[in-house]
Protein chains: 2
Amino acid sequence: MNIGDVSNQTGLPAKTIRYYEDIGLVKPLRDDNGYRRFRRQDVHKLNFLGRARALGFTIEDCRTLMALYEDETRASADVKKVARAHMAQIEAKIADLNAMRDTLSHLIDACAGDDRPDCPILQDLGGKA
Amino acid sequence: MNIGDVSNQTGLPAKTIRYYEDIGLVKPLRDDNGYRRFRRQDVHKLNFLGRARALGFTIEDCRTLMALYEDETRASADVKKVARAHMAQIEAKIADLNAMRDTLSHLIDACAGDDRPDCPILQDLGGKA
DNA sequence: ATGGGGGTTCCAGTCACGGGAAGGTCAAGG
DNA sequence: CCTTGACCTTCCCGTGACTGGAACCCCCAT
């Protein structure tokens with residue numbers, strides 16, 4: 001399979017697939033004309049990567065997870081550890097965003113949103129507390 | 001005031017303050033020795049920027065908000081519009097992260113986390129529905 | 001021969017800075 | 001007067017995970 005077909009099958013942009021090859025996540029073969037030739041296992045890997053990325057794992061996490069995936073003797077504890085660390089990051093981010101949303105929500109509610117210049121949002125940013 | 005003092009007062013790293021000057025968000029004066037000299041209004045602006053950034057506004061949003069802040073004839077509707085657009089982004093991000101967290105949470109719960117290789121997390125990533 | 005739709009590489013840009021090098025400036029202490 | 005150390009300056013590179021675009025090659029159908 002050429003890169004276009006793989007892109008269609010996996011939903012990953014061709015650019016992204018090339019990038020993944022660049023950083024060593026997949027190693028497709030090459031045809032005589034220089035085109036990448038992807039085997040089933042390459043496509044499988046790319047699907048794995050796509051799903052892991054969709055869950056927010058970093059590329060380095062993906063590398064780790066792939067290695068575990070391919071290691072028949074892995075301990076599930078190692079996988080779980082990576083997943084838990086990642087979930088902690090996500091929860092921290094959610095907490096940050098929730099705090100922002102709450103503050104913004106209050107400010108937006110307090111703002112008349114008309115053609116007058118008085119604005120609690122700007123007052124708050126200006127340090128009026 | 002020199003940049004170090006401003007950094008202490010605003011909590012912004014000196015690097016960040018220089019960057020903000022680079023992109024035209026503040027325009028401190030210069031002493032004969034080349035040092036930046038910040039006036040009260042510069043410090044005030046930087047505090048404004050710090051708070052806006054803490055609420056997650058992009059630099060471009062900050063630029064817009066600053067302009068509105070300094071425009072006595074602004075309409076609060078314009079401010080509110082920027083804030084609402086930003087809040088929509090935040091909420092979208094929260095939704096994404098919540099979805100990730102939920103999926104991860106299920107997978108983590110299902111994973112034994114022991115020294116055996118069986119792992120529902122990897123099975124899921126590997127495409128086994 | 002030509003046109004179009006593949007593919008290839010490489011370079012630059014994104015966003016909002018942070019790290020670090022190489023060097024100028026200033027106040028205090030010996 | 002000299003040194004030390006804490007400031008300050010500019011400049012350039014790196015971050016993460018790509019995306020856009022240029023310039024070029026390849027293959028098939030008309």
Side-chain angles (χ1 to χ4, degrees), chain A residues 1-38 42-43 45-46 48-66 85-86 89-90 92-93 96-97 100, chain B residues 1-38 42-43 45-46 48-66 85-86 89-90 92-93 96-97 100:
Chain A
M1 283 171 87
N2 284 346
I3 200 167
D5 308 316
V6 178
S7 175
N8 284 334
Q9 281 215 12
T10 60
L12 296 172
K15 278 269 188 188
T16 299
I17 297 172
R18 290 195 195 97
Y19 173 64
Y20 287 172
E21 186 191 11
D22 259 16
I23 63 174
L25 285 178
V26 274
K27 298 184 178 48
L29 305 175
R30 293 291 178 141
D31 286 341
D32 289 345
N33 57 13
Y35 287 19
R36 289 169 182 81
R37 187 157 58 79
F38 294 84
D42 297 320
V43 179
K45 270 194 187 190
L46 286 167
F48 182 102
L49 291 169
R51 276 185 286 264
R53 291 287 301 129
L55 285 179
F57 285 104
T58 65
I59 289 285
E60 281 319 300
D61 279 347
C62 289
R63 206 187 289 280
T64 304
L65 291 171
M66 276 282 301
H86 177 46
Q89 300 267 331
I90 287 184
K93 218 163 196 178
D96 283 357
L97 290 172
M100 290 179 193
Chain B
M1 283 172 85
N2 284 345
I3 200 167
D5 307 317
V6 178
S7 175
N8 284 334
Q9 282 213 15
T10 61
L12 297 172
K15 279 271 186 186
T16 298
I17 298 172
R18 290 195 195 97
Y19 174 65
Y20 288 171
E21 187 191 11
D22 261 16
I23 63 175
L25 286 177
V26 276
K27 298 185 177 47
L29 305 175
R30 293 290 179 139
D31 286 340
D32 290 344
N33 57 16
Y35 287 19
R36 289 167 181 82
R37 188 158 56 80
F38 294 84
D42 297 320
V43 178
K45 270 194 187 190
L46 287 167
F48 182 101
L49 292 168
R51 276 185 286 263
R53 291 287 300 128
L55 285 180
F57 285 105
T58 65
I59 290 284
E60 282 320 300
D61 279 347
C62 289
R63 205 187 291 279
T64 305
L65 291 171
M66 277 280 303
H86 177 47
Q89 299 267 331
I90 287 183
K93 218 165 197 177
D96 284 358
L97 289 172
M100 291 180 192

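By convention in this document, chain letters (A, B, ...) are assigned in the order of the sequence lines, proteins followed by strands, and residues within each chain are numbered from 1.
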Let's see if you can work this out: which of [options] has an atom nearest to the side-chain heavy atoms of [X]?
X: Asn33(B); options: dC26(C), dC8(D), dG7(C); answer: dC26(C)
X: Tyr35(A); options: dG24(C), dC17(C), dT8(C); answer: dT8(C)
X: Lys15(A); options: dA16(C), dG20(D), dA17(D); answer: dG20(D)
X: Arg30(B); options: dA16(C), dC18(D), dT9(D); answer: dT9(D)

Could you tell me how far apart [X] ([atom1]) and [N] ([atom2]) are, to the nearest whole angstrom?
X: Arg53(A); N: dT19(D); atom1: CZ; atom2: P; value: 10 Å
X: Asp22(B); N: dG18(C); atom1: CG; atom2: C1'; value: 14 Å
X: Asp32(B); N: dT25(C); atom1: CG; atom2: P; value: 11 Å
X: Glu21(A); N: dC10(C); atom1: CD; atom2: P; value: 12 Å
X: Gln89(B); N: dC15(C); atom1: CD; atom2: C1'; value: 14 Å
X: Leu46(B); N: dC17(C); atom1: CG; atom2: P; value: 11 Å
X: Ile23(A); N: dC18(D); atom1: CD1; atom2: C1'; value: 10 Å
X: Leu49(A); N: dA17(D); atom1: CG; atom2: P; value: 12 Å

Check your understanding: For Asn2(B) and Tyr19(A), take the nucleotide of DNA chain D holding the closest heavy atom to each; which residue's nucleotide lies nearer the 5' end?
Key ->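 On the 5' side of the pair lies Asn2(B).
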Quick one: is [N] close enough that its OP1 or OP2 comes under 4.0 Å of any side-chain N or O from [X]?
X: Arg63(A); N: dA17(D); value: no
X: Arg36(A); N: dG7(C); value: no
X: Thr58(A); N: dG16(D); value: no

Between Ile23(A) and Arg63(A), the two heavy atoms sitting closest are O-NH1, 2.9 Å
Between Ala52(B) and Cys62(B) the two heavy atoms that sit nearest each other are CB-SG, 3.7 Å
Using a cut-off of 4.0 Å on non-hydrogen atoms, how would the nucleic acid contact of [X] be classed: base, sugar-phosphate, or nothing?
X: Arg37(A); result: nothing
X: Ile3(B); result: sugar-phosphate
X: Tyr20(B); result: sugar-phosphate

Validation row: Ile59(A), Arg53(A) side chains within 4.5 angstrom (heavy atoms):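 Yes, their side chains come closer than 4.5 Å.
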Margin query: Is the shortest side-chain heavy-atom distance between Arg36(A) and Arg18(A) below 4.5 Å?
Written below: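 In contact.
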Practice task
Check each of Leu46(A), Leu29(A), Thr10(A) against Phe38(A) using the side chain to side chain contact (heavy atoms under 4.5 Å, CB included) test, and report the only one that passes.
Solution key: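 Exactly one candidate clears the test, Leu46(A).
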